[in-house]
Amino acid sequence: MPLLLTVPAAVVLLVVAVRMWRADNRRLSIGVVAAIGGYFAIESLLAVWEGTLPLGLLFTIPLLSLPFLIPVLAVFLIANGLRMLRRESKSLANGLSLIAGLVLLAVPVAAFLTLTAALTAHDDQVVVRAVLLAVVVVAALGSTYAAAFFVLVLAYGAVYRRARVGDYDALVVLGAGLIDGRVPPLLGSRLDRAAALFSARRSRGEDCVLIPTGGRGSDEPRSEGEAMAEYLRDAGVPADSVLPETEAENTEQNLLFSREIAQAHRPGSRVLIVTSDYHVLRAAMLARRVGLPAGATGAKTARYFLPSATLREFAAVAVMFPRIQVAVLGFCVAAGLAAGFLVGAAGGA
C-alpha cells in the first residue's frame, strides 16, 4: 500500500480519534477509529522499513504464535472456570470462562474436520461439499469478527480505565448482588473505593454525597442500596452523606434513579460512577446512553474472577449494538452461501 495513502490516513484517523476522545470518551467507536488509524500507521512503518528483519519479526512473530497460544488460552480458561465454580455459585455466568475454553478447543477442531470432509467429498457429492464449505466460511468469518470485537472492548476498556477522573459532587456506587443480605467482597471493594474518593473530596473541604444504588432481588432479604448504605456508615461515612437508592432493577435504572437523587440534593451535581474495574467502560457507555454526563472509575477485582467477568462484560457490550451484530451475522451467512454456491457451480460444471 503506497505511503501517499497510508501516512495521511493514519494521521487523519488518529487526530479524529483524539478529538472524539476529548469530546466524549465514552464511545466505543473511538477505539474503532484509533485501531484503523493504527493499522495504517503500521502499514506505513512496514513500507518505510521494508526488508529489515527486526520490524518484520515485530509483527509476524505474534501472528505465527497465535495457533500455539490458542490451546494455552483454552486450558487457562477451563482451569479458571473450574475454579470459579468451586469458589463462587454454580451459575452460567460463573461458568463462562469454562465454556469459552471448551469452545476455543472445539471450534478449530470442528472447522478442520469440516473442511477436510468438504475437500475429500466425492465428485458426486457437490451439494454436501458446498454446504460444508459454507459452514466453514461462516464459522471462520464469525470467529474472526468475535475475536476482533473482543480485543476492541478489552483494549479500549483498559485505556478508558486509565482516563483522568474529573471533579464530582456525587458518587454513585453500582450494586453487584448480596449474599444472605450482606455485602460480598466484590461489592465491598466498590464501596471501599467510593469511601476513599469521598474522603479525598471531604479532605479538601468540598461537599460530596454517596449514593449506593440497587433494588431488592427476588432472592435477597433486603435491597442492595440499603445493605450498601449500612456498610458505608459502618466504615465511618457520615449518615447524612449517604443517600441510598433502593428501587432500581438494572444498571440503567441505577443511573436514572441516582441522577434524580443527586439533582434533588444539589441541582447540577457532577456525578462519578463507582463500580468494578471490569465494568467501568460499560457503565460509562450506559451513562451516555441515558443522558447522564458522568464518567466512571473502578475498584480492583480478584484475579480469579476477572476472566468470567470480562467475558460477561464483552457479551453485554455486544448486546448494546444489536443492529451491528445482526448485520455482521448476515454478512457472514451471505459470504458462506456465496462460497458454497461457487463451489456447487464449479462442481456441477
Side-chain angles (χ1 to χ4, degrees), residues 28-29 31-36 38-39 42-43 59-82 84 92-121 128-158 278 281-282 306-344:
L28 193 59
S29 56
V32 176
V33 174
I36 299 173
Y39 166 79
I42 291 172
E43 283 286 338
F59 297 108
T60 57
I61 288 179
L63 293 176
L64 293 175
S65 65
L66 280 178
F68 304 98
L69 293 177
I70 288 175
V72 174
L73 177 60
V75 170
F76 167 75
L77 289 173
I78 291 171
N80 177 260
L82 294 174
M84 278 287 295
L92 176 62
N94 290 333
L96 279 179
S97 57
L98 172 61
I99 296 171
L102 293 173
V103 169
L104 269 181
L105 288 179
V107 169
V109 174
F112 174 77
L113 294 176
T114 304
L115 182 59
T116 301
L119 295 176
T120 57
V128 172
R129 182 184 300 166
V131 170
L132 291 175
L133 185 61
V135 170
V136 170
V137 171
V138 172
L141 291 176
S143 299
T144 301
Y145 168 74
F149 194 83
F150 179 79
V151 171
L152 171 66
V153 173
L154 193 68
Y156 193 71
Y278 64 83
L281 177 61
R282 185 162 69 94
L306 277 176
S308 288
T310 301
L311 289 168
R312 189 164 62 245
E313 283 301 297
F314 164 67
V317 171
V319 170
M320 292 178 68
F321 305 96
R323 293 181 180 178
I324 293 177
Q325 314 311 336
V326 170
V328 170
L329 177 61
F331 171 79
C332 293
V333 171
L337 292 175
F341 175 79
L342 291 173
V343 169

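Numbering starts at 1 and runs along the sequence shown.
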Indicate the atoms forming the closest heavy-atom contact of [X] with [Y], along with that distance.
| X | Y | value |
| --- | --- | --- |
| A134 | G336 | CB-O, 3.1 Å |
| P307 | S97 | CB-CB, 4.2 Å |
| L141 | A335 | CD1-CB, 3.5 Å |
| V138 | C332 | CG2-O, 3.3 Å |

Residue pairs passing the side-chain hydrogen bond (donor to acceptor under 3.5 Å, both in side chains) test where at least one lies in residues 326-336, sequence neighbours excluded: none

Pair listing, side-chain hydrogen bond (donor to acceptor under 3.5 Å, both in side chains) test, anchored in residues 131-144, at least two apart: none

Would you mind writing out the side-chain donor-acceptor pairs for residues 151-158 within the sub-3.5 Å range, not counting sequence neighbours?
| unit_1 | atom_1 | unit_2 | atom_2 | d |
| --- | --- | --- | --- | --- |
| Y156 | OH | N25 | O | 2.8 |

Of all residues at least two apart in sequence or in a different chain, which pass the side-chain contact (heavy atoms from CB on, under 4.5 Å) check with [X]?
| X | result |
| --- | --- |
| S29 | M20, R27 |
| I99 | L92, V103 |
| A106 | none |
| L337 | V333 |

Those residues that, when tested against Y145, pass ring-ring contact (aromatic ring centres under 6.0 Å, His included) (two or more places apart): F149

Close side-chain approach of L281 and V317, heavy atoms under 4.5 Å: no

Within residues 313-341 or reaching into it, pairs that qualify as salt bridge (charged side-chain N to carboxylate O under 4.0 Å, His left out) - sequence neighbours excluded: R282-E313

More than 12 heavy atoms from other groups under 6.0 Å of CZ on F321: yes

Between CG on residue L306 and CG on residue L311, distance to nearest 0.5 Å: 10.5 Å

Separation of L102 CG from I78 CD1 (nearest 0.5 Å): 4.5 Å

